[in-house]
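One structure is given here, and the rest of the page talks about it.
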Amino acid sequence: MFRGLDAQRLVALFVAGLLLFNFPLLALWDHDIRVLGLPLFPAALFLIWALLIGALAWIVERSPDAAPGGDRN
């Protein structure tokens with residue numbers, strides 16, 4: 001499955017997600033401000049969520065040392 005640096009990156013991404021969606025940091029976005037007509041809090045939640053999914057896709061899909069058959073061992 002995942003070994004070495006990829007596994008470390010996935011764990012770091014998980015920890016970053018926990019921290020970003022936890023109260024102290026999430027409270028930074030809870031203001032009565034609008035961004036492009038959207039309230040800041042839901043817009044920030046969606047942006048953080050989208051960035052985490054993008055980072056996850058980048059980590060999982062890139063395979064510089066993949067075998068020709070596409071199988072990672």
Side-chain angles (χ1 to χ4, degrees):
M1 186 84 192
F2 293 103
R3 294 184 183 166
L5 195 56
D6 281 344
Q8 292 174 9
R9 286 181 176 148
L10 288 173
V11 170
L13 187 63
F14 174 75
V15 171
L18 280 178
L19 291 175
L20 288 171
F21 285 116
N22 211 345
F23 170 69
L25 292 179
L26 205 56
L28 294 174
W29 304 106
D30 195 17
H31 297 289
D32 290 334
I33 299 173
R34 294 195 174 264
V35 177
L36 299 174
L38 298 171
L40 179 64
F41 188 67
L45 281 178
F46 180 75
L47 182 65
I48 292 169
W49 173 72
L51 289 174
L52 285 172
I53 289 176
L56 177 66
W58 177 72
I59 291 170
V60 172
E61 291 296 323
R62 66 179 194 91
S63 56
D65 57 326
D71 187 25
R72 278 192 193 179
N73 289 330

> Does one hydrophobic cluster hold both F21 and L47, with members joined at side-chain heavy-atom distances below 4.5 Å?
Replying inline: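 No.
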>> If I take atom CG from residue L52 and atom CZ from residue F14, how far apart are they, to the nearest 0.5 angstrom?
In response: 11.0 Å
Solution key, residues 31-43 side-chain donor-acceptor pairs under 3.5 Å, sequence neighbours excluded:
{"from": "H31", "atom 1": "NE2", "to": "L28", "atom 2": "O", "distance (Å)": "3.1"}
{"from": "R34", "atom 1": "NH1", "to": "G37", "atom 2": "O", "distance (Å)": "3.1"}

>> For a quick test of reading the model, state the closest non-hydrogen atom pair linking L13 to A55 and the distance between them.
In response: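 Heavy atoms only, the tightest pair is CD1-CB, 3.7 Å.
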> Taking it one step at a time, do L51 and L20 satisfy side-chain contact (heavy atoms from CB on, under 4.5 Å)?
Replying inline: CA-CA 11 Å; L51 289 174; L20 288 171; over 6 Å; no
> Side-chain contact, heavy-atom cut-off 4.5 Å: V60 with D6?
Replying inline: no
>> Here's a test for you: under side-chain contact (heavy atoms from CB on, under 4.5 Å), which of L5, V15, L56 qualifies with L10?
In response: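 By the side-chain contact (heavy atoms from CB on, under 4.5 Å) criterion, L10 pairs with just one of L5, V15, L56: L56.
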